[in-house]
**Student:** 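Pasting a structure here, questions to come.
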Amino acid sequence: MTINIGTMIPAAPTAPVDVAVEAQQPKRSFGTLPISLATIAVIIAAWSLASAYGVVSPLFLPSPWTVLKAIHGVAVNGFVDSTLAQHTFASLLRIFAALAASIVIGIPAGLAIGTSRIGKGILDPIVEFLRPLPPLAYLPLIIIWIGIGEASKITVISLAMLPPIILSTAAGVKSAPADFINAARSFGATRLQILLQVILPSAIPSILTGTRIALGAGWSTLVAAELVAASRGLGFMIQSAAQFLVTDIVIAGIVVIAAIAFLLEILARLLERWFVPWAAHR
Amino acid sequence: MSVLSLQSVSLAFPADRDSHQTRLVLDGVTLHLASDEFIAVIGRSGSGKTSLLNLAAGFLKPTSGRISVDGVDIAGPDADRAVVFQDDALYPWLNARDNVAFPLKLRGIAKRERRLRANGLLAKVGLENAGAKNIWELSGGMRQRVGIARALASEPRFLLLDEPLGALDALTRARLQQFLLKVWSDSKTGALLITHSIEEAILLATRVVVLAPNPGRIVADIPASFGRQLLAGKSLPELKDTPEYRRLHDGLTGLIHADAEEDAA
Ligand SMILES: Nc1ncnc2c1ncn2[C@@H]1O[C@H](COP(=O)(O)OP(=O)(O)OP(=O)(O)O)[C@@H](O)[C@H]1O
Ligand SMILES: [Mg+2]
């Protein structure tokens with residue numbers, strides 16, 4: 001279920017935050033952008049031709065133009081009782097509620113694994129049990145337990161987001177340089193001060209990377225969860241459109257989902273540069 | 001006046017992961033550092049200099065022997081023994097001023113007071129205009145000065161310095177040696193400086209201690225007065241041209257080479 005985010009986003013020059021970061025970008029990233037754009041153009045052209053010459057029935061593959069019109073139509077008139085904005089908003093609300101929950105639980109859990117033998121002993125098996133499970137495998141169980149409402153969807157998404165956040169926090173904790181900790185000790189820091197003022201900040205770059213991965217995992221789980229049980233949301237919109245064989249809206253939904261995943265990824269990268277500009281200089 | 005004492009201190013590390021065998025790294029080291037002294041420790045790589053400093057700081061516990069301050073055994077690291085690290089160990093998420101203020105923050109000193117004192121310390125190390133700078137915007141020499149200011153902020157009785165100038169170019173290094181000397185004489189803290197450079201040891205220290213390897217032990221403990229002469233205004237070339245300087249330099253070089261040959265034999 002996990003999207004490999006590293007390959008999802010082309011190494012295009014997203015708006016550089018500061019000169020230092022820009023200077024560190026390899027020149028190559030400018031070199032692949034035209035190739036990537038050309039590839040996309042060729043795919044869209046082939047798609048247009050295929051539908052224009054009736055190679056594939058419009059029922060299976062509507063033209064790019066039809067899909068654009070469908071996006072516009074859903075945005076203005078809505079589909080299955082909600083506009084595109086409402087579907088999108090419902091999905092985003094779930095993902096950010098789940099993100100908040102998994103950060104609040106995941107970071108302390110990761111700190112516990114990274115700093116304490118007992119914490120590691122208790123939490124490791126739970127995380128390792130959860131991590132390889134496809135979230136849809138336990139969605140039915142969650143629905144039996146807490147019903148079909150928002151809570152079950154947010155729970156499933158949180159469970160999908162937790163392992164990357166916990167594991168990246170624990171990894172970040174372990175990568176805190178010994179000198180950083182020793183320096184604080186030699187200035188008289190208490191264990192709690194060391195945890196909060198040295199180990200936690202050291203781990204933040206790793207935590208943010210984990211959060212980015214979690215967003216990817218959460219987003220794909222979200223859409224899947226909405227396919228099964230929801231009355232609003234992008235996954236639900238696609239599922240309903242598929243039942244009525246409205247293929248243009250199915251494809252429109254996929255395009256919107258991909259676009260949002262892409263934007264979330266860019267947002268996460270910008271946050272990384274704003275919050276931990278020093279990570280690039282370690 | 002305080003005294004940091006190591007008495008018959010030995011330190012053994014596990015020889016390898018699985019066996020219970022140990023390797024003696026320091027053997028019966030006795031060293032007293034008074035708070036008006038500047039001790040330089042020299043010795044070949046692997047002779048246990050860093051281990052000695054880590055013991056004094058409280059990062060390591062001795063296998064046997066006692067480490068105490070004014071007769072009280074140390075329980076671990078403490079604010080009265082501040083450490084300056086070879087690769088500065090400054091926190092990149094804090095700017096220069098907040099790094100200096102870090103020990104004050106640990107003690108719960110209010111933000112305004114912290115700023116004020118950090119600015120004062122930055123001025124003392126000649127970096128009054130660098131407070132708002134990010135750590136990665138500073139040169140190696142500036143970073144070490146921030147590191148020293150940070151250690152001073154904790155108002156220690158002893159400064160423990162593990163090759164703080166080791167990674168700097170010769171010119172910066174020479175400048176910072178003078179600077180270190182001045183900081184030491186102004187701050188009235190005892191200094192324990194680990195260094196690879198015989199010249200640095202002679203020029204700064206009031207005592208030069210030579211550590212021989214395998215196992216690490218003190219083979220010489222020699223008083224020196226060149227630092228005080230430098231502080232009194234004597235010029236560096238003048239000092240280095242004296243017979244006393246050359247005799248000490250040759251003597252220490254001989255000592256360090258002696259155990260190198262003993263090793264090869
Ligand atoms: N944590 C450790 N575990 C096992 N052996 C260690 C450990 N730390 C140091 N040693 C060993 O102890 C000896 C002394 O190390 P130490 O770092 O104190 O030497 P040093 O004099 O500071 O050397 P250098 O000049 O290269 O910094 C070395 O042989 C080293 O391999
Ligand atoms: Mg060393």
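Just so it is clear, the model here is predicted, and its values are computed rather than measured. Below, chain A is the first sequence line, B the second, and so on; all start at residue 1. The basis for the numbers below is simple: all heavy atoms, side chains too, and nothing from hydrogens, waters or symmetry mates.
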**Student:** Answer yes or no: does atom CZ of A:Phe89 have more than 12 heavy-atom neighbours from other residues, nucleotides or ligands under 6.0 Å?
**Tutor:** no
**Student:** Just by distance, do the side chain of B:Ser154 and the backbone of A:Phe187 share a donor-acceptor pair under 3.5 Å?
**Tutor:** no
**Student:** What part of A:Val198 lies closer than 4.5 angstrom to a heavy atom of chain B: side chain, backbone, both or neither?
**Tutor:** both
**Student:** Do you know the tightest heavy-atom contact between A:Ala184 and B:Leu106?
**Tutor:** O-CD1, 4.1 Å
**Student:** Does any heavy atom of chain A fall under 4.5 Å from the side chain of B:Leu94, the backbone, both, or neither of them?
**Tutor:** neither
**Student:** Under a 4.5 Å heavy-atom cut-off, does chain A meet the side chain of B:Asp78, its backbone, both or neither?
**Tutor:** backbone
**Student:** Compute the ring centroids of B:Trp93 and A:Phe180, then answer whether they are less than 6.0 Å apart.
**Tutor:** yes
**Student:** Would you indicate whether B:Arg107, at its atom CZ, is surrounded by more than 12 heavy atoms from other residues, nucleotides or ligands within a distance under 6.0 Å?
**Tutor:** yes
**Student:** When you look at A:Asn182 and B:Val83, which way does the side-chain contact (heavy atoms from CB on, under 4.5 Å) test go after all the steps?
**Tutor:** CA-CA 8 Å; A:Asn182 278 340; B:Val83 178; over 6 Å; no
**Student:** Which pair of non-hydrogen atoms, one from A:Arg185 and one from B:Gly58, has the smallest distance, and what is that distance?
**Tutor:** NH2-O, 4.1 Å
**Student:** For B:Asn54, is it the side chain, the backbone, both or neither that has a heavy atom under 4.5 Å from a heavy atom of chain A?
**Tutor:** neither
**Student:** How many angstroms lie between atom OG of A:Ser186 and atom CZ of B:Phe85, to the nearest 0.5 angstrom?
**Tutor:** 5.5 Å
**Student:** Taking C-beta and beyond as the side chain, do A:Gln197 and B:Tyr91 meet within less than 4.5 Å on heavy atoms?
**Tutor:** no
**Student:** Heavy-atom pairs under 4.5 Å with chain A - which of B:Gln86, B:Glu155, B:Glu137, B:Arg150 has more of them than the others?
**Tutor:** B:Arg150
**Student:** Tell me, for B:Ala57 versus chain A, whether the close heavy atoms (under 4.5 Å) come from the side chain, the backbone, both or neither.
**Tutor:** neither
**Student:** Taking atom CG of A:Leu263 as the centre, does the number of heavy atoms from other residues, nucleotides or ligands within less than 6.0 Å exceed 12?
**Tutor:** yes
**Student:** More than 12 heavy atoms of other residues, nucleotides or ligands under 6.0 Å from NZ of A:Lys174: is that the case?
**Tutor:** yes
**Student:** Start with the C-alpha distance between A:Gln193 and B:Lys105, add both sets of side-chain angles, then the distance that settles side-chain contact (heavy atoms from CB on, under 4.5 Å), and finish with yes or no.
**Tutor:** CA-CA 10 Å; A:Gln193 283 176 323; B:Lys105 189 176 182 202; over 6 Å; no
**Student:** Please classify the contact between B:Phe59 and chain A as side chain, backbone, both or neither, with a heavy-atom cut-off of under 4.5 Å.
**Tutor:** both
**Student:** With B:Ser51, which residues qualify under side chain to side chain contact (heavy atoms under 4.5 Å, CB included), at least two apart?
**Tutor:** B:Leu11, B:Phe13, B:Val25, B:Leu26
